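Remarks on the structure that follows.
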There are 2 protein chains.
Amino acid sequence: MKITIKDIAKMADVSTATVSKIVNHKDQNISHATRQKVLDLIEAHNYVPNRIASSMITKKTHSIGLIIPDITNPFFPEVARGVEDYANMEGYHVVLCNSDNKLDKEVSYIGMLQEKMVDGIIFTSSSLRNKVSKEFLRLQIPVITVDRDITGMRAQGKITVDNTSGAYQGVSYMIERGYKRILHLGGPMTSKPALDRFEGYRNALSDYGIQFDEKLFFEGNYNAQWGYEGVLEALTNKIEFDGIFCGNDMIAIGAIKALNEKGISVPGNVGVMGFDDIYMATVVTPNLTTVCQPNYQMGYKAAEMLIELIKHPEAKMMDVVLKTKLVIRESTK
Amino acid sequence: MKITIKDIAKMADVSTATVSKIVNHKDQNISHATRQKVLDLIEAHNYVPNRIASSMITKKTHSIGLIIPDITNPFFPEVARGVEDYANMEGYHVVLCNSDNKLDKEVSYIGMLQEKMVDGIIFTSSSLRNKVSKEFLRLQIPVITVDRDITGMRAQGKITVDNTSGAYQGVSYMIERGYKRILHLGGPMTSKPALDRFEGYRNALSDYGIQFDEKLFFEGNYNAQWGYEGVLEALTNKIEFDGIFCGNDMIAIGAIKALNEKGISVPGNVGVMGFDDIYMATVVTPNLTTVCQPNYQMGYKAAEMLIELIKHPEAKMMDVVLKTKLVIRESTK
DNA sequence: TATAATTAAGTAAACGTTTACCTAGAGAGA
DNA sequence: TCTCTCTAGGTAAACGTTTACTTAATTATA
């Protein structure tokens with residue numbers, strides 16, 4: 001049988017109120033002797049308070065939900081780690097949910113988290129959908145969206161990176177290094193980041209007086225497979241290019257692979273730039289020049305904002321946009 | 001104000017017991033009319049049951065703790081995903097904890113999870129330590145260790161992979177393909193898997209009549225950095241080798257990088273084999289031949305065992321060892 | 001010395017459920 | 001008609017805490 005506050009109280013010959021105060025360090029008015037006696041008993045009997053019972057009264061569970069598409073996608077472990085680090089520091093637990101970007105899983109997780117009385121939710125979805133925002137609307141807990149925001153959603157906080165200026169920065173660098181015909185292998189244009197990166201790409205071209213050539217733009221998915229195929233497609237269509245700006249690092253890795261196989265040297269013949277700066281970028285040959293996205297920071301900051309909102313629900317909506325950073329390695333000259 | 005079961009009961013003019021039975025589908029003895037009325041009210045007022053309150057009575061929180069060293073380490077997202085998939089299927093939540101292999105964080109997480117009344121814990125630690133097992137001993141909930149077991153620990157379940165035979169399989173394959181002097185760049189010998197893989201390596205050599213040469217064995221860490229340095233070290237010491245069996249894929253990736261830089265072709269001059277089969281192995285050039293470890297399966301199976309134990313605490317201790325599989329790609333000839 | 005303030009506790013309700021047990025009425029069997 | 005068994009639902013305690021309020025004793029103040 002698990003030992004409870006009542007058992008300790010009885011053994012110490014005090015009331016449960018007294019024990020509670022001691023456990024929660026609200027013990028200004030407890031004599032030293034009593035405190036010590038209770039503490040000794042707690043130690044001796046290995047009493048651990050039941051936080052579920054506390055939650056009933058305090059209405060706080062000190063746990064937060066983290067809904068992401070897939071922890072297996074190299075982008076997310078970093079943000080999850082950021083979330084968990086801050087949460088842990090503040091005494092919060094994080095409940096991990098993989099939605100696979102599926103609406104029904106998202107909705108079901110939101111429901112489950114609500115039933116479990118989490119104090120707040122951090123949410124990422126790669127598609128901009130509306131149904132989910134309805135679910136959030138009836139939640140009485142704060143929600144922070146990270147990376148991709150949701151249309152029509154009135155999240156109490158939003159954290160994104162400046163994809164447009166990141167892409168601008170990357171493409172500008174390539175142009176300055178002498179690349180003239182830069183292919184853009186983008187992600188799915190249904191996602192905001194892909195849109196923004198494309199915009200940054202176009203802005204840079206335009207600012208440097210280069211005409212945008214739509215034959216140089218390909219839309220695909222955020223994976224190596226697509227990078228590989230995209231290059232092959234460009235090659236078979238005899239499209240000339242001396243550089244590739246990729247929608248993310250995975251695309252870049254696939255692209256380099258295709259280039260290698262076709263005997264096109266990187267960065268000798270073609271320069272390649274990625275986006276994200278996942279760990280793999282440092283390990284692939286050649287090391288990837290890329291636009292670094294502060295994934296860990298995003299998670300950390302999201303948790304910070306969320307917990308701030310949990311503690312001060314009256315705080316007003318926050319909207320943070322994080323800066324990217326160019327990381328120059330070996331895949332560009 | 002949040003709406004509770006009492007509100008619904010009052011509105012439907014029934015008792016909370018009735019509402020509870022309906023919500024939990026224990027409604028054999030509820031008339032259709034009453035059930036419908038209650039269900040409508042629930043729908044209309046968006047009532048969601050407070051599972052915290054249920055937990056107080058049922059003594060079950062339907063959540064499990066997952067303690068891993070670092071979700072950012074490419075090995076773990078897959079197992080986390082496996083855990084979460086099975087847990088979710090069974091209606092359980094998973095609480096993610098990154099211990100960084102630090103004893104104090106491990107202990108602190110165990111305490112927090114206990115306070116939050118999780119129904120069970122899945123635990124991985126890379127070092128074999130004892131202190132933690134004491135913490136587990138006083139827990140009244142089931143614990144499953146995955147990947148590395150803990151000495152002196154009486155976990156109710158244990159799930160590992162057969163590292164010895166995996167390594168044996170990998171090294172045998174290399175020998176059969178004609179590799180004669182196979183370097184072993186191992187992980188830290190304080191961890192069981194490293195020990196076992198080393199054993200498999202030696203067994204294979206011995207079974208094929210090759211004398212073990214201790215100059216061919218290097219102990220290091222499980223990262224690309226070490227693979228890179230290990231190769232350089234072997235090279236500067238003028239150690240001859242035509243193959244490398246690496247402690248894991250990261251080491252292999254680092255090794256290939258060093259080999260490339262030194263103008264040694266893979267697999268032309270030297271064959272390289274990894275261990276784990278992380279995603280990166282498929283994306284690196286050349287693609288890595290490796291011993292595939294069923295990470296996702298480990299997590300999935302661990303969750304399965306844990307939840308089985310939660311439901312049937314009288315079930316006896318389980319000990320599962322998963323098989324590895326050789327995956328032949330391009331880094332061996 | 002009488003009163004006020006402080007200290008060191010204790011009392012008991014409340015949090016939102018579940019569940020063992022109870023009850024009243026209706027139909028069935030003898 | 002009487003008893004038995006269902007059916008449909010209700011009662012109230014219990015789960016383990018927290019906390020607003022109370023109380024008794026001690027100390028300080030006037």
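The shown structure was predicted, so the numbers you read here are calculated from the model rather than taken from an experiment. Quick note on labels: first sequence line is chain A, next is B, and so on, each numbered from 1.
A:Asn29 comes within contact range of at least one nucleobase, with a heavy-atom separation under 4.0 Å. Across all strands, A:Thr34 comes closer than 4.0 Å only to sugar-phosphate atoms, never to a base (heavy-atom distances). At a threshold of 4.0 angstrom between heavy atoms, the contacts of A:Thr4 are confined to the sugar-phosphate backbone, with no base atom among them. Among the protein residues, A:Asp7 comes within range of no part of the nucleic acid, since none of its heavy atoms lies under 4.0 Å from any strand. Residue B:Lys59 is classed as a sugar-phosphate contact, given heavy-atom separations below 4.0 Å to backbone atoms only. B:Lys26 comes within 4.0 angstrom of sugar-phosphate atoms only, judged by non-hydrogen atoms across all strands, and of no base.
Counting to the nearest Å, the P atom of D:dT17 and the CD1 atom of A:Ile52 are 11 Å from each other. Here the P atom of nucleotide C:dT19 and the CD atom of B:Gln28 are 12 Å apart, to the nearest Å. Whole-Å rounding puts the A:Lys10 NZ to D:dG16 C1' distance at 13 Å. Between the P atom of D:dT19 and the CG atom of A:Asn24 lies a distance of 7 Å, rounded to the nearest Å. Going from atom CD1 of A:Ile5 over to atom C1' of C:dA12 covers 14 Å, rounded to whole Å. To the nearest angstrom, P of C:dC15 lies 15 Å from CD1 of B:Ile3. Nucleotide C:dT18 holds its P atom 13 Å from the CD1 atom of B:Ile8, rounded to whole Å. The interatomic distance linking A:Asp13 (CG) with C:dT11 (C1') rounds to 15 Å, in whole Å.
Taking the six-membered ring where the residue is Trp, the centroids of B:Phe75 and B:Tyr222 are separated by 6.0 Å or more.
Judged purely by atom type and a 3.5 angstrom limit, B:Lys21 has no side-chain atom pairing as donor or acceptor with the backbone of B:Asp27. No donor-acceptor distance shorter than 3.5 angstrom exists from the side chain of B:Asn24 to the backbone of B:Lys26, with no hydrogens or angles considered.
Proximity note for A:Asn50 (side chain, C-beta onward) versus D:dT17, C:dA9, C:dT17: the nearest is D:dT17. Distance from the side chain of A:Ser15 is smallest for C:dG10 among the nucleotides D:dG16, D:dA12, C:dG10. Of the candidate nucleotides C:dG10, C:dG16, D:dT17, C:dG16 has the atom lying nearest to any side-chain atom of B:Ile57. Each of D:dT18, D:dT17, C:dA9 was ranked by its minimum atom distance to the side chain of A:Tyr47; first place goes to D:dT17. For A:Ala53, taking side-chain heavy atoms from C-beta onward, the closest of the listed nucleotides C:dT19, D:dT17, D:dA8 is D:dT17. With C:dG16, D:dT18, D:dG9 as the candidates, the nucleotide lying closest to the side chain of B:Ile30 is D:dG9.
When all heavy atoms are compared, the tightest approach of B:Gly120 to B:Ile310 is N-CD1, 4.1 Å.
Side-chain N/O atoms of B:Lys21 and base N/O atoms of D:dG10 include a donor-acceptor pair closer than 3.5 Å.
Remark: A:Ser54 is in phosphate contact with D:dT18, judged by side-chain N or O atoms under 4.0 Å from OP1 or OP2. Taking only side-chain nitrogens and oxygens, B:Thr18 comes nearer than 4.0 Å to OP1 or OP2 of D:dG10. Residue A:Ser31 has a polar side-chain atom (N or O) positioned under 4.0 Å from OP1 or OP2 of C:dA9. Checking the phosphate oxygens (OP1, OP2) of C:dT17, no side-chain nitrogen or oxygen of B:Thr16 falls inside 4.0 Å.
Taking the six-membered ring where the residue is Trp, A:His62 and A:Tyr92 present tilted rings, their angle falling between 30° and 60°.
Using a 4.0 Å cut-off between a side-chain N of Lys or Arg and a carboxylate O of Asp or Glu, A:Lys158 and A:Asp319 qualify as a salt bridge.
Residue whose closest nucleotide on DNA chain D sits further toward the 5' end, between B:Arg35 and B:Met56: B:Arg35.
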